[in-house]
Amino acid sequence: MKVYKIGDNILKYRFGTPFPTDAVVKAGEGIEKDSIDYFQIEEKEELKLLYKMAPKDIVFGLGENQRGINKRGGKYISFCSDDPNHTPGKRSLYGAHNFIIIDGMENFGVFIDHPGKVVFDIGFNHKDYLEITIENKNFDLYIIEGNSPREIVSSFLNIIGEGYVPPKWAFGYQQSRWSYPDAEKVEEIADKFIENNIPCDAIYLDIDYMEDYKNFTVSEERFPNFKEFVEKMKDKGFRLIPIIDAGVKIEDGYEIHEEGVEKGYFCVDSEGEPFVAAVWPGKVHFPDFLNRESRLWFGKKYGKLIDCGIEGFWNDMNEPAIFYTNRGIEQAIEEAKNAEGKNLNIDSFFGLKDEFRNISNNIEDYKSFYHNIEGKLVNHYDVHNLYGYNMTRSADEGFKKISPNKRFLLISRSSYIGMHRHSGIWTGDNHSWWEHILLNIKMMPSLNMCGFLYSGADTGGFSDDANGELAVRWTQFSIFTPLFRNHSAKGTRHQEPFAFDEESNSIMKEAIKLRYGLIPYIYSEYMKAIINKDIYFAPISFEYNDEYSRRVEDQLLVGDSLMISPIYEENSRGRYIWLPEDMLLWKAKDYSERKYEIVEKGHRYLDIDIDEIPIFIRKNKVLVLGKHANTVDDIDNEELVVIAFAEDKASYTYYDDDGRSLDYRDGIYSKIIIEIEKREDDYQINVENHGNKDIKRLKLEIVDREGKVTKKTINI
């Protein structure tokens with residue numbers, strides 16, 4: 001074991017010869033150390049790290065995963081999995097995010113940098129023990145110390161590198177479905193947004209836009225004159241976001257397939273031949289994204305669609321998903337033949353069922369292909385969790401070659417820590433279940449802790465049918481998530497914000513308009529989190545470390561100023577909340593109607609009608625609102641509304657930039673610093689404008705401890 005020191009509070013313990021994941025961007029200096037802090041080690045066929053937890057310890061982290069913000073009591077398996085049924089017993093989802101924080105008697109973070117299977121037993125087999133089992137004994141273990149969970153998260157984000165920043169238009173509402181099958185339907189959807197005066201910035205193209213599900217192709221039959229159509233849609237205010245899948249169809253004459261075979265850019269089987277599996281188009285090869293040359297080759301192919309005016313993509317099926325292989329099909333058929341004519345008992349019948357059910361995403365298939373890493377074959381199973389990460393890295397590297405200083409929208413389904421530098425993620429194939437609104441709420445801060453700030457779920461649910469109330473309540477939460485996309489599956493009810501009854505449609509429309517008014521705050525807080533190595537969503541215990549706040553999992557801090565308490569139960573017209581301090585409540589119905597009330601610290605029941613969104617402004621904090629428009633590009637923010645809950649003083653730093661380039665990395669952005677201080681019966685307002693040329697006026701609404709509203713207008 002080798003030990004490295006990274007800064008003052010991080011140690012890296014190296015076991016064996018780990019595969020380089022590129023998750024961590026900071027190296028350390030070697031030091032002499034014989035033992036590991038905090039953990040006992042058990043080493044047999046696998047290596048196990050043991051830590052005894054105190055009764056009140058909380059365990060945060062693990063990013064995209066089931067259960068609560070506090071992960072105690074659960075067992076989690078880091079192995080990127082294409083599983084659309086996110087029921088409570090599932091232990092693997094699409095991402096592998098091996099970072100946890102122990103917050104209690106001792107405070108430290110743990111990152112297991114290993115691209116294969118890792119099992120986190122956090123009090124599942126024994127309520128007091130954290131057990132981390134690493135199947136392969138070659139890995140890096142990082143231990144990060146700090147005085148608080150937020151400090152530990154910040155240190156972790158500092159070593160894994162700066163997070164992904166999408167273009168500003170990607171903070172607008174986005175509409176998707178599997179599928180809007182042709183150009184006529186896409187334009188019809190766009191026109192309905194325009195007719196109903198509902199803001200929207202993007203419409204997604206699922207697999208039906210392709211010719212026979214082949215990557216980087218467009219069906220001439222369904223989307224003729226694609227480049228002109230993209231331009232036409234952009235003129236209407238909508239950017240089109242096509243899907244790209246991991247599998248490349250095996251077909252003579254298909255350029256991507258033939259070139260990949262000729263140049264050796266695909267993963268291979270044990271005989272050195274391109275590995276064959278099946279996904280949407282039938283049999284495919286998988287690009288070898290862990291091979292640098294293959295990765296750059298595939299990444300440049302995005303230029304085919306960028307040349308048509310495309311400015312965003314979503315990478316899917318990149319765990320990678322496998323529908324079947326010849327091995328799986330043949331084995332299942334053989335079992336069926338053996339069962340023919342027999343009297344099957346419970347064991348043989350369920351065994352037969354399992355043979356067919358296990359055809360997809362079978363571990364034996366993942367062990368049957370290889371990556372070529374600098375001339376050495378590496379079994380895919382050992383590096384499985386890096387596949388989706390490197391597909392998305394491939395796209396981002398391609399963008400940098402094509403247009404080095406331009407931001408593109410990019411989201412991925414599968415991910416590993418480190419991919420946050422290249423894209424955002426959506427949380428995959430959820431359901432139109434009320435339970436999945438709550439899961440969405442709890443997952444957001446966990447994803448942020450692992451670097452994934454640009455994230456969100458399929459609003460309304462992907463599978464099953466949403467009713468109007470569920471669509472409304474989910475939309476009311478999603479107006480706060482950086483990625484705000486409504487997506488649904490083929491065969492389910494349409495769930496666009498004009499697809500329900502008149503009341504539900506009207507409420508969703510007003511909520512989406514409010515989102516556009518919130519974009520100045522959301523974008524400002526997002527960018528400050530990126531620059532300062534902080535998070536956008538946080539558990540309330542990250543700021544209020546009292547006994548009750550540590551138990552709350554259905555209220556979140558959003559940026560520096562807000563706390564939200566979403567409604568996630570059917571037929572609810574209110575909910576219980578815990579306020580760790582007095583806060584200002586705005587029950588938002590629409591952008592223009594603003595009525596405030598002071599809610600005192602303590603346990604409270606709030607009446608929240610179906611058209612109300614409870615937004616809490618924290619004490620001595622500020623919310624900025626802009627004007628809404630039907631696209632982000634059309635927003636006119638000459639005037640900002642500044643809502644302050646100023647018991648004695650309040651301050652806010654408003655960030656902005658061009659929203660298109662990467663110039664912010666060179667410090668090219670603007671700030672407006674707002675300071676409010678109570679002086680007897682009035683307020684002193686100080687405003688410093690550092691480079692913002694767009695905003696001309698601030699309209700202040702300052703609320704004091706008694707609920708009195710003082711309004712002022714400041715020209716800047």
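Keep in mind that the numbers below use all heavy atoms, side chains included, and drop hydrogens, waters and symmetry copies. No experiment lies behind these values; they were computed from the predicted model shown.
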Would you say Lys75 and Val119 make side-chain contact, with heavy atoms under 4.5 Å? yes

Closest contact, heavy atoms only, Ser78 versus Asn385: O-ND2, 3.3 Å

Counting only heavy atoms not in Lys353, do more than 12 fall under 6.0 Å of its NZ? no

What distance do Tyr94 atom OH and Met317 atom CE have between them, rounded to the nearest 0.5 Å? 9.0 Å

Does Arg485 qualify as a cation-pi partner of Tyr204, given the criterion of NZ or CZ under 6.0 Å from the six-membered ring centre and within 45 degrees of its axis? yes

Which class fits the ring pair Tyr416 and Tyr389: parallel under 30°, tilted 30 to 60°, perpendicular over 60°? parallel

Show, in sequence, the C-alpha distance, side-chain angles and deciding distance for Glu64 and Leu447, and conclude whether the side-chain contact (heavy atoms from CB on, under 4.5 Å) test is met. CA-CA 6 Å; Glu64 185 182 53; Leu447 284 167; 3.8 Å; yes

Going by an N to O cut-off under 4.0 Å, is there a salt bridge joining Glu251 and Lys214? yes

Got a donor-acceptor contact below 3.5 angstrom from the Asp269 side chain to the Glu271 backbone? yes

Report yes or no: does Gln495 contribute a side-chain atom to a donor-acceptor pair with the main-chain N or O of Thr459 at less than 3.5 Å? yes

Looking just at side-chain N and O atoms, do Arg393 and Ser423 make a donor-acceptor pair shorter than 3.5 Å? no

Please tell me whether His97 and Tyr76 form a close aromatic pair, meaning their ring centres lie under 6.0 Å apart. no

Exam field: side chain His431 to backbone Trp433, donor-acceptor pair closer than 3.5 Å: no

Taking the basic N atoms (NZ, or NE/NH1/NH2) and the acidic carboxylate oxygens, is any pair closer than 4.0 Å for Asp288 and Arg295? no

Please check if any side-chain donor atom of Tyr13 sits under 3.5 Å from a side-chain acceptor atom of Asp140, or the reverse. no

Does Arg550 reach the main-chain N or O of Lys56 with its side chain, forming a donor-acceptor pair under 3.5 Å? yes

Could you tell me if the ring centre of Trp314 sits under 6.0 Å from that of Trp178? no

Got a salt bridge between Lys490 and Asp208, using NZ or NE/NH1/NH2 to carboxylate O under 4.0 Å? yes

Working to the nearest 0.5 Å, report the span between OG of Ser488 and CG of Asp206. 10.0 Å

Working to the nearest 0.5 Å, report the span between CD1 of Ile411 and CG of Asp316. 9.0 Å

Answer yes or no: is there a donor N or O on one side and an acceptor on the other, between the side chain of Arg575 and the main chain of Pro566, under 3.5 Å? yes

Would you say Asp501 has more than 12 foreign heavy atoms packed within less than 6.0 Å of its CG? yes

Between Phe108 and Tyr51, is the ring centroid distance below 6.0 Å? yes

How are the rings of His257 and Phe266 set relative to one another: parallel (under 30°), tilted (30 to 60°) or perpendicular (over 60°)? parallel

Can you confirm whether more than 12 heavy atoms, excluding those of Tyr38, are under 6.0 Å from its OH atom? yes

Any luck finding a side-chain donor-acceptor pair between Tyr381 and Glu135 under 3.5 Å? yes

Around atom CD of Gln40, are there more than 12 heavy atoms from other residues, nucleotides or ligands closer than 6.0 Å? no

Under 3.5 Å, is there a donor on one side chain and an acceptor on the other for Asp121 and Asn125? yes

Whether Asn448 side chain and Phe452 backbone form a donor-acceptor pair below 3.5 Å: yes

Min side-chain heavy-atom separation Phe99-Ile101 under 4.5 Å: yes

How are the rings of His380 and His384 set relative to one another: parallel (under 30°), tilted (30 to 60°) or perpendicular (over 60°)? perpendicular

So that I can tick it off, tell me whether Asp128 and Lys52 are bridged by a salt bridge, with the cut-off set at under 4.0 angstrom between side-chain N and carboxylate O. no

Decide, yes or no, whether a salt bridge links Lys301 with Glu255 under the criterion of side-chain N to carboxylate O below 4.0 Å. yes

Correct closest heavy-atom pair for Met444 and Ser455 would be SD-OG, 3.8 Å

Can you give me the closest heavy-atom contact between Ile203 and Tyr180, atom names plus distance? CG2-CD1, 3.9 Å

Using a strict threshold of under 4.0 Å (side-chain N to carboxylate O), is an ion pair present between Arg573 and Glu469? yes

Check Arg493 with Asp464, please: is the shortest side-chain N to carboxylate O separation under 4.0 Å? no

As an exercise, state the distance from CD1 of Ile417 to CD1 of Ile112, rounded to the nearest 0.5 Å. 10.5 Å

Should the pair Arg91 and Phe124 be classed as cation-pi, given the thresholds of under 6.0 Å to the six-membered ring centre and 45° from the axis? yes

Centroid-centroid under 6.0 Å between Phe111 and Phe156 rings: yes

Interatomic spacing from CD1 in Ile77 to CG in Leu93 - rounded to 0.5 Å: 11.0 Å

Looking at Ser478 and Thr481, would you say the former's side chain and the latter's main chain have a donor-acceptor pair under 3.5 Å? no

Any donor-acceptor N or O pair under 3.5 Å, side chains Asn318, Ser414: no

Sub-4.5 Å side-chain heavy-atom contact between Leu62 and Met449: no

Should we say atom NZ of Lys90 is surrounded by more than 12 heavy atoms from elsewhere, each under 6.0 Å from it? yes

For the student: nearest non-hydrogen atoms of Leu483 and Ile425, plus distance: CD2-O, 3.7 Å

Could Arg413 and Glu319 be called an ion pair, given the rule that one side-chain N must be under 4.0 Å from one carboxylate O? yes

So which atom in Val276 and which in Thr325 form the shortest heavy-atom distance, rounded to 0.1 Å? O-CG2, 3.9 Å

Of Asp458, Asn486, Asn430, Asn440, the residue whose pairing with Trp474 passes side-chain hydrogen bond (donor to acceptor under 3.5 Å, both in side chains): Asn440

Determine whether more than 12 heavy atoms belonging to other residues, nucleotides or ligands lie under 6.0 Å from atom CE of Met105. no

Angle between ring planes, Phe139 versus Phe15, binned at 30° and 60°: parallel, tilted or perpendicular? parallel

Flag, side chain of Asn138 to backbone of Phe19, donor-acceptor distance under 3.5 Å: no

Is the shortest side-chain N to carboxylate O distance from Asp365 to Arg327 below 4.0 Å? yes

For Phe298 and Phe289, run ring-ring contact (aromatic ring centres under 6.0 Å, His included): C-alpha distance rounded to whole Å, both residues' side-chain angles, the deciding distance at 0.1 Å, then the answer. CA-CA 8 Å; Phe298 194 86; Phe289 293 117; 5.0 Å; yes

Quick check: closest heavy atoms across Ala466 and Leu470, and the distance to 0.1 Å? CB-CD2, 3.8 Å

Nearest 0.5 Å, please: how far is OH in Tyr209 from CD1 in Ile241? 11.0 Å

So, Glu364 versus Asn358: side-chain donor-acceptor pair below 3.5 Å or not? no

Kindly say whether Pro181 contributes a backbone atom to a donor-acceptor pair with the side chain of Ser179 at under 3.5 angstrom? no

Given 3.5 Å as the limit, does a donor-acceptor pair link the side chain of Lys367 with the main chain of Ile363, or not? no

Taking atom types as modelled, is there a side-chain donor on Thr492 or Asp465 under 3.5 Å from an acceptor on the other? no

I'd like to know if the side chain of Lys117 pairs up with that of Asn136 as donor and acceptor (distance under 3.5 Å, no hydrogens or angles considered). no

